[in-house]
2 protein chains.
Amino acid sequence: MKGMTEPRWLNADERRAWLALVSINTLLPAALDTKLHAAGKLSLFDYTVLAMLSEAEGRFLPMSELAARSSASLSRLSHVVTKLQKRGWVERRPHPHDARVTTAHLTDEGMETIVGLAPGHVEDVRDLFLDALTEQDVLDLARIGEKVVGRLDTDHWILREG
Amino acid sequence: MKGMTEPRWLNADERRAWLALVSINTLLPAALDTKLHAAGKLSLFDYTVLAMLSEAEGRFLPMSELAARSSASLSRLSHVVTKLQKRGWVERRPHPHDARVTTAHLTDEGMETIVGLAPGHVEDVRDLFLDALTEQDVLDLARIGEKVVGRLDTDHWILREG
DNA sequence: AGCGTCTAGTTGAAGAATCAACCACCCGCC
DNA sequence: GGCGGGTGGTTGATTCTTCAACTAGACGCT
């Protein structure tokens, strides 16, 4: 049982930070979803999956690695890959040395799709988000953001050094 | 047609900031959803709706105002209020002077629910998020977060001065 | 009073996310 | 060599979200 002692309520600045984060959290994906849906009938998550594959060596990744890089559950990813597969953007193949693993491969058609979408998407990210910030803001946000990610998931892939 | 010119790709820090934000965006709500679901079978969004009502004068708000304060569409809110109503936490009442308006009222039972949940939730927010940050981080995040919110929605309620 | 337009909200169907149950396979160990 | 636990992945049911269509009342104009 937790909370027998008086909780430490949020002070004004903590509350501001928290509310802003929650608001960004609903507003930003919604806006990008709208843009991407208009540009190519896909969601931000669909886009992220394709983008992660396009940046991977050989344009394929095991499902679990792809799930990690898109911060999704295996279940969610599996459903989405099925959808992307039906559209011809992704293929599933068995792993040669471990029969448990499935690898998701980006098809040529999938590559064309994301290459066509990427410039517009990057522009949208700037419009909606980055252009509001100074260079210092970007630096601060990267620092703070990575701290938070580290707390939420110690082994998160964006924290791997390379 | 957009994008005839070469897009400005993200530099290293912009990419770090962007990836961190996207990751936080999926990880944080998921973690809080899990906690809240364990504590009381509700989602972060359900919680937010109840919290906004509990903080409102008279513990009621018009649907549109409640939608604004929880960053949701009227449609989403309407479905959720229906659900909360079935659990006895919220009531719908007509507005006395404008028959178009429905007001959502927090019931006593709803108030008890959120009062019971709030200390644990605040602790979770600290555990998962705020405790990773210094005071300066919190200040920076509040400043940057509000800038971003302002860009996404000029009239967002958290930016109203009061 | 009657018309058009805008605002507030609801609804049902369609698509997406989560959860729990499940299968198949790998690996270490007896 | 086979048993047990852990890993990688899929599936279907349930729940949530979104989208488009719709009702109804307010407000302004003539």
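What you see is a predicted model, and the numbers here were worked out from it, not measured in a lab.
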Heavy atoms of B:R69 and B:M52 approach each other most closely as O-CE, 3.5 Å

For A:P94 and A:T103, the nearest pair of non-hydrogen atoms, with its separation, is O-OG1, 4.4 Å

Look at the rings of A:H105 and A:F60 and say which category their plane angle falls in: under 30° parallel, 30 to 60° tilted, over 60° perpendicular. parallel

Q.
In terms of relative ring orientation, are B:W18 and A:F129 parallel, tilted or perpendicular, with 30° and 60° separating the classes?
A. tilted

(Q) Are there over 12 heavy-atom neighbours, none belonging to A:R126, within less than 6.0 Å of that residue's CZ? (A) yes

Distance in angstrom units between [X] [atom1] and [N] [atom2], rounded:
| X | N | atom1 | atom2 | answer |
| --- | --- | --- | --- | --- |
| A:K41 | D:dC19 | NZ | P | 10 Å |
| B:L74 | C:dG12 | CG | C1' | 16 Å |
| A:F45 | D:dT17 | CZ | C1' | 16 Å |
| A:K86 | D:dT11 | NZ | P | 10 Å |
| A:R93 | D:dT10 | CZ | C1' | 20 Å |
| A:L66 | D:dT10 | CG | P | 11 Å |
| A:R87 | C:dA16 | CZ | P | 7 Å |
| A:R76 | C:dC19 | CZ | C1' | 14 Å |

Taking B:D127 first and then B:K35, would you say they form a salt bridge - that is, a charged N and a carboxylate O separated by under 4.0 Å? no

Do the charged groups of B:K41 and B:D46 touch, with an N to O distance under 4.0 Å?
-> no

In this structure, CG of B:L84 is separated from CH2 of B:W89 (nearest 0.5 Å) by 7.0 Å

Separation between CG (A:L32) and NE2 (A:H121), nearest 0.5 Å, reads 5.5 Å

Write out a two-atom table: protein N or O, nucleotide N or O from nucleotides 20-27 of chain C, distance below 3.5 Å.
from	atom 1	to	atom 2	distance (Å)
C:dC26	OP1	A:A99	N	3.1

Result for 5'-nearest mapping on DNA chain D, choosing between A:T34 and A:L77, is A:L77

Within residues 78-85 of chain A, the residues having a heavy atom closer than 4.0 Å to DNA chain D are A:S78, A:H79

